[in-house]
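Indexing begins at 1, ligand by ligand and atom by atom, following the structure's order.
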Amino acid sequence: MVPWLNDAVFYEIYPQSFYDTNGDGIGDIPGITAKLDYVRSLGCNALWLNPCFDSPFKDAGYDVRDYKQVAARYGTNEDLKALFAAAHERGMRVLLDLVPGHTSEEHAWFKASARPAPNEWSGRYIWTDNCFGGGDGMPFIGGEAERNGTYILNFFKCQPALNYGYGERRQPWQQPIDSADALATRDAVWDVMKYWLDAGCDGFRVDMADSLVKNDTPDKAYTCTVWKDLTARLKAYKPEAVMVSEWNRPTQSLKAGFDMDFMLEWQGNGYSWLLRNYDGATDSEPKNIGKAYFCKDSTTDITKFLDDWLPSYEATKADGLYCLITGNHDTVRVAAGLDESERRLAFATLFTLPGAPFLYYGDEIGMRYQKLPTKEGGYFRTGSRTPMQWDQGANLGFSTAAAEKLYLPVDPAPDAPTVAAQDGVPGSLLETVRRILTFRHAQPALGACAPFQVLYAAKNQRAFAWQRGDADTGVLVCAVNPGTEPCAVPLAGRKVMAPLFVLGETPSWQGGALTLPGQTFAAFGA
Ligand code: GLC
Ligand code: CA
């Protein structure tokens, strides 16, 4: 484990919506640098930036046109280097978003690959050998290029898949993962990684990390082989750099050398029962609101989450971190599913479970999900990508541009939450997040890798209690009751413990049982 991860708390920034310093209506890199002290004041000591590279922005920058060039709308490569330096001065780290599975259809590599005459890039993307042929089960595009073939897509139409080879090969055009072309693709991605590591970045969040090799085995053995190679190169080159995968299968990703994986919201999985429980994450009309564990009146117990999360955590805790998120640029905002008091308890829980937590910008002040038309391939995700709300000024302090020139409109509600309105106000959501993270950093037992054990989790019961730490770190007992009624939590054999941190009313301790009043979270020395 890279040592700095044990105390890392990440803040995800969608660069177009954080802070605009030149009044063009779009957030920029100097804007992120200008707000580093704010991010640090939350207790976040690491950033993940969504892609900030040259792009036609048909998928918000996940369609990269030039991996080594900061998009003009965000500034220059020098601005990004200045951000790395300013972050490091403050003891903070910066992860960039690496999109290895596909490029934009406008990338120079793809344009060369589409030419009829064979050239260095002909085999860097996945092309069939016949312009009238299908994609052998994969989405494909035909009729767009002079080359006699169709090409395979990784995501949207604008995102042709780079060639890392095939596991099972059924067609002559499907190459093995160690073909010269597939190996050249690996080298090209490593070259990009090295470029930004040299510039000062501290690692990468890796987009669709499980998608590289096609026709892979169910446990992604071939894709894991590719990642073992790339993560080993990273560790040999810059041992303190880290990689977090968008994968949601730590038994695969962490064994393949990633430092961290995310628990993501997949329909009906453990995460989806924790904060949101929408019937459809791809649906802009969330259903099932009120049934997530942290909803006050929910009948859902914590086992819905634990049944999924715990086996993966146990199987991989020696390999890396399985990380929990408040949300991200692909999810509906947490404020759409939980009210403010519910979110306090959810954040206290997320930030005291193992792993390095990821806080999505604006969740700390309760930014709301907005119903908006799609922007840059966002579709339902657009509503979670609106400008950060700093103060009561024009455009809520995000930009000096005319409102109609903004990347996306700011929250129009008269009571739109802002940093300024909550800063220094005891009990505000912002100050609660700061309190929780201050507590986390002060307690070695809450480090990302400190041991974890369930103390109490039961079917049809609202309370959940767990232990963190060991003899080296000291031991803490944490307990949460998201319901409105008091709950007795049997903790047989434990002594009375002093509460070190409480949200809500102070719990009481009688005869080996803890009574948690409704809507409380508490952590005790043990
Ligand atoms: C990932 C990103 C998402 C993007 C997709 C294609 O899921 O998080 O925003 O659209 O990959 O790159
Ligand atoms: Ca700008």
Problem - Any side-chain donor near an acceptor of the partner, Tyr407 and Glu376, under 3.5 Å - result: yes
Practice task
Decide whether Asp181 and Gln175 meet the rule of one side-chain donor and one side-chain acceptor closer than 3.5 Å.
Solution key: yes
Practice task
May I ask you to decide if the ring planes of His107 and Trp109 are parallel, tilted or perpendicular, using 30° and 60° as cut-offs?
Solution key: tilted
Problem - Identified ring pair (Phe, Tyr, Trp, His ring centres under 6.0 Å) partner of Trp196 from the options Phe204, Phe53, Tyr67 - result: Phe53
Exercise for the section: Run through Phe358, Trp48, Phe18 and flag the one making a ring pair (Phe, Tyr, Trp, His ring centres under 6.0 Å) with His329. Expected result: Trp48
Which residue owns the protein heavy atom closest to [atom], what's the atom, and how far is it?
atom	value
atom 8 (O) of ligand 1	Asp330 OD2, 2.5 Å
atom 12 (O) of ligand 1	Asp207 OD2, 2.8 Å
atom 7 (O) of ligand 1	Glu246 OE2, 2.7 Å
atom 4 (C) of ligand 1	Asp59 OD2, 3.4 Å

Handout entry: Residue portion contacting ligand 1 (non-hydrogen atoms closer than 4.0 Å) for Arg205
Key = side chain
Problem - Which N, O or S atom of Asp28 lies nearest to the Ca ion (ligand 2), by name - result: OD2
Exercise for the section: Specify whether an N/O/S atom of Gly23 falls short of 3.0 Å from the Ca ion (ligand 2). Expected result: no
Exercise for the section: Assess Asn22: does it contribute an N, O or S atom lying under 3.0 Å from the Ca ion (ligand 2)? Expected result: yes
Practice task
Rounded to the nearest 0.5 Å, what's the gap from CE on Met263 to CG on Leu350? Could you check?
Solution key: 11.0 Å
